[in-house]
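What follows is a set of notes on a single structure, which appears directly below.
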2 protein chains.
Amino acid sequence: MARRGTSRNSGKTDLDARKATILEAVVAEHIDTAQPVGSSAVAQHADLGVSPATVRNEMVSLERGGYLAQPHTSAGRIPTDKGYRYFVDHLQSGELKAAQQYQLRDFFSGVRGEVEEVLERTSALLAQLSGYTSVIVGTTATHSTVLSVQLVNLERRHQLLVTVFSDGTVLKHSVVTTEDIEYATCLEASAQLNALLIGTTLESRVQVPSRSDSVSHLIAEAVSVLHAERPTREDEKVFIGGASKVAEVFDGVETVRQVLSILEEELLVVSLVEDMLDRGVSVAIGSEHGYAPLSSAAVVVAPVHVDGVAAGAVGLIGPTRMKYQEVMAAATAVSKNLARHFEGGASAD
Amino acid sequence: MARRGTSRNSGKTDLDARKATILEAVVAEHIDTAQPVGSSAVAQHADLGVSPATVRNEMVSLERGGYLAQPHTSAGRIPTDKGYRYFVDHLQSGELKAAQQYQLRDFFSGVRGEVEEVLERTSALLAQLSGYTSVIVGTTATHSTVLSVQLVNLERRHQLLVTVFSDGTVLKHSVVTTEDIEYATCLEASAQLNALLIGTTLESRVQVPSRSDSVSHLIAEAVSVLHAERPTREDEKVFIGGASKVAEVFDGVETVRQVLSILEEELLVVSLVEDMLDRGVSVAIGSEHGYAPLSSAAVVVAPVHVDGVAAGAVGLIGPTRMKYQEVMAAATAVSKNLARHFEGGASAD
DNA sequence: GACTGGCACTCGGTAGAATCGAGTGCCAAT
DNA sequence: ATTGGCACTCGATTCTACCGAGTGCCAGTC
């Protein structure tokens with residue numbers, strides 16, 4: 001599975017063809033078995049007509065190059081992060097299994113409902129397809145404009161500001177005042193807020209009239225609450241699917257704990273994924289992303305573009321010895337389907 | 001710790017004082033050490049002036065009664081679910097440690113923001129206080145009435161129905177039509193919907209005028225989408241804190257996996273908690289709740305009442321050998337603080 | 001009759017020793 | 001450059017012995 005001797009020797013760190021084949025065989029085998037891989041296994045399994053002894057020599061060289069490591073003398077080799085990196089970089093992209101393609105199509109042909117619900121269920125699907133924990137980050141396009149604003153009188157001194165954006169997002173914010181607010185005041189403020197904000201984005205500068213009547217106060221307060229939204233970045237929703245897979249695919253209680261605790265911190269997950277997107281990386285192995293507790297994990301992401309605009313990403317988290325080919329296929333497939341869903345379908349993200 | 005020889009012998013299944021003491025000692029010790037508890041340990045630790053031999057005799061009797069079990073001959077005893085049940089039933093409620101009380105007070109004196117955010121952070125706090133995974137279920141009071149309805153024109157054939165309830169909840173629903181909707185139609189429909197729905201609950205029967213102009217169609221569609229909400233129960237938000245604790249406190253990968261997968265199913269968690277609330281149970285041990293995958297877990301819940309009305313619950317999930325006293329203290333303390341927060345504070349739930 | 005000390009017995013856990021074998025590194029031969 | 005051969009390493013497995021915590025039971029004591 002997934003082998004190809006002919007490697008391009010254009011890149012600078014490229015290995016010669018045979019080393020590459022051997023490295024790839026070791027990685028593939030180790031991903032399969034979770035065991036150190038020995039020279040004879042490689043000699044058999046990779047069909048270069050060469051004896052184990054030769055393979056051993058090459059392996060020594062690969063170890064010197066930092067691609068392989070030995071748990072102890074007289075055990076087989078295990079890929080290092082660098083080894084995995086090479087493997088991934090030289091992986092030709094694969095296809096989803098037919099059964100999974102059907103499943104995907106099925107799912108997306110039948111899915112309906114709110115954005116959040118779709119993403120939630122999609123992340124469950126992706127986890128199930130891939131066998132690993134999935135992450136879907138919905139980047140609320142900061143470009144989306146305000147479609148409607150409304151102040152609702154919850155209690156005398158407590159208004160709820162409900163803002164609807166062009167991408168279908170609804171934000172709510174409490175506006176607490178020191179004085180009782182009349183219903184009429186609230187209505188009036190709503191109307192003015194609408195006039196003021198419709199068509200703007202959260203980043204727009206808005207000129208708030210600074211008169212000192214109660215309506216103006218309310219408006220000023222509402223606008224400031226709404227714009228305070230920015231720094232918290234809380235509008236980036238994260239959907240995690242198959243969290244229980246963590247216990248299956250990672251070894252060691254401590255590792256499981258660490259991965260879970262990362263997943264709990266939504267902000268961390270978001271910035272991890274965004275960092276990768278920014279750097280244009282689709283796979284981060286081991287310590288390649290800077291997140292220490294995830295150093296025994298690999299993260300695969302695929303961006304989601306809706307109508308040509310970055311709208312978020314889907315990701316998968318597993319051990320460094322995860323099934324990259326399948327996982328990447330699943331991620332890109334889901335990302336594409338998701339994009340198509342939101343482009344063609346009733347909702348936008 | 002947590003022992004009291006004087007047990008009431010009013011209940012029917014009550015054990016005599018000494019058996020009770022012994023049982024309690026075994027449970028307490030086992031919770032502490034996670035090891036089978038032997039007769040001599042009990043004899044020393046519980047200060048009834050009795051020899052190990054006597055304790056042994058009693059233990060045999062307790063084993064016959066189904067309170068204790070032996071992993072194998074010549075090991076100590078381990079409590080059964082029934083044993084834990086007795087222990088919990090005869091536990092006098094404890095206090096939070098002073099440091100934790102401060103922490104709680106601190107938290108609630110400083111907390112601000114939307115309901116969802118408060119609950120999210122509270123569940124993290126509770127997990128941290130108790131050392132176990134926490135669950136907070138916000139039961140949207142089905143009594144809360146509609147304060148405002150608004151149809152927003154997202155795309156030509158796609159409207160967003162935004163409904164604000166008296167408890168501050170905001171629901172959004174997509175309304176997809178087969179024909180293009182004019183802006184004016186949308187406005188008109190909004191106005192009529194407001195007239196129709198304000199003051200009603202989701203359970204109210206609403207008489208929709210059945211004329212066949214586009215506005216009426218839109219209204220009918222909107223109302224039906226809104227009322228379709230009911231059966232899915234999706235408005236009951238669940239907040240889980242400290243999911244990573246699962247890996248710490250449960251033994252065995254498989255158990256961890258099962259507990260995590262339960263936690264993933266929000267609906268399951270909700271019904272588990274609601275079942276317990278309905279039955280007025282605050283602790284469910286082992287298989288007492290009917291959820292097989294959680295049979296090695298215990299669940300502690302404390303209802304949250306806001307202004308005398310059931311508004312949700314806080315819960316904790318741990319192994320059957322969890323620190324019941326501390327955990328129950330933490331749950332009730334948080335529940336009370338939460339109630340006070342929403343009663344006094346700016347937001348209601 | 002309740003309690004206890006004594007004692008034989010059980011059985012899981014641990015420590016050592018022996019063994020196995022997969023895998024290595026190296027060297028001499030091709 | 002490749003390879004067969006070989007000595008060597010070292011984790012994993014098995015086996016044994018053994019220790020000791022803990023039990024159940026019995027006979028003796030208060």
Side-chain angles (χ1 to χ4, degrees), chain A residues 5 9 15-23 25-80 83 251-252, chain B residues 5 9 15-23 25-80 83 251-252:
Chain A
N9 44 10
L15 304 167
D16 67 69
R18 197 169 65 187
K19 282 201 180 61
T21 315
I22 290 175
L23 176 53
V26 170
V27 175
E29 186 77 9
H30 181 254
I31 287 178
D32 230 50
T33 63
Q35 299 289 327
V37 183
S39 55
S40 56
V42 172
Q44 281 186 338
H45 207 278
D47 44 351
L48 24 74
V50 172
S51 81
T54 312
V55 174
R56 279 204 286 281
N57 289 330
E58 296 286 51
M59 280 170 129
V60 173
S61 148
L62 282 168
E63 190 171 351
R64 287 220 187 82
Y67 295 96
L68 294 178
Q70 255 180 320
H72 56 268
T73 344
S74 97
R77 280 358 192 262
I78 280 182
T80 59
D251 300 326
Chain B
N9 43 10
L15 303 168
D16 69 67
R18 198 170 63 188
K19 283 201 180 60
T21 315
I22 291 176
L23 175 53
V26 171
V27 175
E29 185 76 9
H30 181 254
I31 286 177
D32 231 50
T33 63
Q35 299 289 325
V37 182
S39 55
S40 55
V42 173
Q44 282 185 337
H45 207 280
D47 43 352
L48 25 73
V50 173
S51 82
T54 312
V55 174
R56 278 206 286 282
N57 289 330
E58 297 286 50
M59 279 170 127
V60 173
S61 149
L62 282 168
E63 189 170 350
R64 286 220 188 82
Y67 295 96
L68 295 178
Q70 256 181 320
H72 56 267
T73 343
S74 98
R77 283 349 194 267
I78 280 182
T80 60
D251 300 326

Quiz item: Between C:dT24, D:dT3, C:dG5, which one does the side chain of A:Asn57 approach most closely?
Solution: D:dT3

Quiz item: Could you give the NE2-to-P distance, from B:His72 to C:dG12, as a whole number of Å?
Solution: 5 Å

Quiz prompt | side-chain contact (heavy atoms from CB on, under 4.5 Å) between A:Tyr67 and A:Val26, worked out | solution = CA-CA 10 Å; A:Tyr67 295 96; A:Val26 170; over 6 Å; no

Quiz prompt | side-chain N/O B:Thr73 vs C:dC11 OP1/OP2, d < 4.0 Å | solution = yes

Quiz item: Can you check whether A:Arg77 has a side-chain N or O nearer than 4.0 Å to OP1 or OP2 of C:dT24?
Solution: yes

Quiz item: The side chain of B:Ser40 lies closest to which of these nucleotides: C:dT10, C:dT4, D:dG22?
Solution: D:dG22

Quiz item: Taking only N and O in the side chain of B:Arg18, is any of them less than 4.0 Å away from OP1 or OP2 of C:dC3?
Solution: yes

Quiz item: Can you find a donor-acceptor N/O pair under 3.5 angstrom joining the side chain of B:Ser74 to the base of C:dT10?
Solution: yes

Quiz item: Over how many whole Å does the gap from B:Leu68 atom CG to D:dG24 atom P extend?
Solution: 11 Å

Practice problem: Let me know the distance between CG of B:Asp16 and C1' of C:dA2, rounded to the nearest Å. | Solution: 13 Å

Quiz item: Quick one: B:Gln70 CD to D:dG22 P, roughly how many Å, whole number?
Solution: 11 Å

Quiz item: Any donor-acceptor pair under 3.5 Å joining the side chain of B:Arg56 to the base of C:dG5?
Solution: no

